[in-house]
Protein chains: 2
Amino acid sequence: MKNVTMADVAEHAKTSKSTVSQYLNKRYEYMSENTRKRIEAAIEELNYHPNSVARSLKQKATYTVGVIVANILHSFSTHIIRTLETEFNKQGFHTIICNADDDPEKERNYIEMLLAKQVDGLIIFPTGENLDLYEQMKDRDFPIVFMDRKVDAQAIDTIMLDNHKAAELAVDRLTAGNYRKISIITTSVIRNISPRIERIEGYRQALQKYSLPVREDYIKTADAEHLQDVLRELFEMDAPPEAILAANDIVLVEVLKYIKEKNLSIPDDVAVIGIDEVPFAAFFTPPITVVEQPKIEMANLAAELLLKKINGQKEGGSPTVHRMQPNLIDRHSC
Amino acid sequence: MKNVTMADVAEHAKTSKSTVSQYLNKRYEYMSENTRKRIEAAIEELNYHPNSVARSLKQKATYTVGVIVANILHSFSTHIIRTLETEFNKQGFHTIICNADDDPEKERNYIEMLLAKQVDGLIIFPTGENLDLYEQMKDRDFPIVFMDRKVDAQAIDTIMLDNHKAAELAVDRLTAGNYRKISIITTSVIRNISPRIERIEGYRQALQKYSLPVREDYIKTADAEHLQDVLRELFEMDAPPEAILAANDIVLVEVLKYIKEKNLSIPDDVAVIGIDEVPFAAFFTPPITVVEQPKIEMANLAAELLLKKINGQKEGGSPTVHRMQPNLIDRHSC
DNA sequence: CTGTTAGCGCCTTCAT
DNA sequence: ATGAAGGCGCTAACAG
């Protein structure tokens, strides 16, 4: 039961492979009504389906893009993936999803495997550690877009939130509510992951804007697994914070967990604000105020830029880092 | 700046393509220390990377599997995807993710495109509408595993929750809490999506077990967008339910939204139980009791079965539908 | 151990 | 309008 190939179709339709190929590529001008019909019939009868691997080998295009997310657990990532997949599908591209799990080694593997697979382009939430690879791709003009995180050494198109602004928005809201002892918590910052750094910077600058003291012991970073410890430290201080800025959804969840466990009340015992919208924010008790990222726009822009590169359109001297604006959703947790 | 190929490496190393190929496939027995070194050097120097499209064409294996989820918005789907991707990656397979969006046409397209791309296997959350395609694949012994939903007409390995049991567990818990007017809400059931049907069946049987009346007006189904209307109907009844069984996470979210809006209190005004664990359940006010699916196990089993099929191991007369057991997580919403 | 040869399934000049 | 021939990059006999 071997696979039916173009040759079989040609034979069946009493014509040649080339003509069948023409037919498949809809170049109907190059054939008579009659042969077309015969080919049609043969395809139908044999239940022929073109092999796109063979086609890709010849055409040097796979109509497949790779997406490597740093950590698929962030709801931000899954939303982005969803939108990207939809957009690429619209343009006839398949999407290979890879989860680097914040591990530079995995990222390196994925990049190499995807390149070996001849994907037409790549969207990466970069770990920032594989500079040599990024550089190679850049040098070869391989279509690539960075998402969410920037890599300083690289001049690669990058789509990022305006993280300073996001933190500022949060601090604005908090100070408006008369909270002065404001803590910020992010997930680990050891590898200098840019959005986390930037959010802390934004927080610092915003406090200064209001002439509020910046207390280093209010700035906490830790892995997801150690967030509870960090929270304990924070609340066992002599002057525990009155408000917490959770720098992403994972942190927010841990903060709310802690608060629930300790039976604290929001916002009376401690106010809470998050960066990243979460599905339960609106109907939580109390509803959680949050700074949201324009996820859809970000994903759409990423897809658009990548597709342009794939289609060989050199973008004019467009800016390399596209900063997207955050948006405050005011609810009742602060 | 053309691509460097095996031929270039061979030339550079003063040997032949076949030997280079041997080298790449680590069949070192077939070559001298010396040539090996030369090949190594040539590869390094030319920065050669094998083209896996060409290899796939020859070997008729792409080391890629496709996953078509019915609806990527269910947190169940994203968790499954995550685990599948991890497992497949461990075995050296890439994963193409597709979201059929509950649209049989999209599903058909994806299946056809993925087959054309010569993926080595497919995991599908089937819409249930493309019987001809399912059948073709089955007939060709193409490696395929269904997930979450069964298709009656097809004898294809399927991994499902024991949905009857899941509903029963929920009703057990509710009756134990002395709730007798129990409503069940699911998302739309028009296309006879098996888990939804089965959960309703399980609910019916469980009520009967307790000699509770089955009221048809307590059984509600609707699209996500119309869930709020359905909830309104329910609570405007003369005898509104005392407890709601939310048949999946999307329903649960809508139920909680409604309850918040109407300022009802859980469980005093209305008790709530969900099928599918959600990230916020534990620290919600009150914490939400939930019947959870063994997602990890389900995904692992799916990956394992598919890999076995891909590797040509005929499974013995194993059952076609694998039923996985749900688990009650008792919290305080009922 | 190494090289030669023949494809894998499709696309693409280039004759006819 | 149609077909023959060559090649995409790699693998797998089979000789030598």
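Residue numbers start from 1 in every chain, and the chains themselves are labelled A, B, ... in the order their sequence lines are given, proteins ahead of strands.
A 4.5 Å side-chain heavy-atom check between B:V119 and B:T64 finds at least one atom pair inside the cut-off.
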Could you check B:M324 against B:Q293 for side chain to side chain contact (heavy atoms under 4.5 Å, CB included), going step by step and ending with a plain yes or no? CA-CA 8 Å; B:M324 311 294 278; B:Q293 312 200 39; over 6 Å; no

Check against side chain to side chain contact (heavy atoms under 4.5 Å, CB included), A:L115 and B:H49: CA-CA 9 Å; A:L115 289 179; B:H49 293 279; over 6 Å; no

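In this structure, A:Q22 atom CD and D:dA4 atom P are separated by 14 Å, rounded to whole Å. Atoms NZ (B:K17) and P (D:dA13) sit 16 Å apart, rounded to a whole Å. As rounded to whole Å, 7 Å separates atom P of C:dT12 from atom CG of A:N25. Separating the CZ atom of B:R27 from the C1' atom of C:dC1 is a distance of 13 Å, rounded to the nearest angstrom. When rounded to the nearest whole Å, the span between CD of A:Q118 and P of D:dC8 equals 14 Å. Remark: P of C:dC10 and OH of A:Y23 are 15 Å apart, rounded to the nearest angstrom. When the P atom of C:dG9 is taken as reference, atom CG of A:D8 falls 9 Å away, rounded to whole Å. Atoms NZ (A:K37) and P (D:dA1) sit 16 Å apart, rounded to a whole Å.
The existence of a salt bridge linking B:E105 and B:R108 is excluded, since no basic side-chain nitrogen approaches an acidic carboxylate oxygen closer than 4.0 Å.
B:D120 contributes no side-chain N or O that, together with a main-chain N or O of B:V65, makes up a donor-acceptor pair within less than 3.5 Å. A donor-acceptor pair is defined here as one N or O able to donate and one able to accept, closer than 3.5 Å; no such pair exists between the side chain of B:S77 and the backbone of B:L73.
Close to D:dA1, at under 4.0 Å from its OP1 or OP2, lies no side-chain N or O of A:T35. An OP1 or OP2 oxygen of D:dG3 is reached within less than 4.0 angstrom by a side-chain nitrogen or oxygen of A:T19. For D:dG9, neither phosphate oxygen OP1 nor OP2 lies less than 4.0 angstrom from any side-chain nitrogen or oxygen of B:T5.
One can find a donor-acceptor pair under 3.5 Å joining the base of D:dA4 and the side-chain atoms of A:S18.
Within residues 48-65 of chain B, the residues approaching DNA chain C are B:L57, B:K58, B:K60, by heavy-atom distance under 4.0 Å.
In this structure, the salt bridge (charged side-chain N to carboxylate O under 4.0 Å, His left out) partners of B:R149, at least two apart in sequence or on a different chain, are B:D102.
Backbone-only engagement by A:M31 is indicated by non-hydrogen atom pairs under 4.0 Å involving sugar-phosphate atoms exclusively.
Nearer the 5' end of DNA chain C, as judged by each residue's closest nucleotide, is the contact made by B:T15, out of A:S21 and B:T15.
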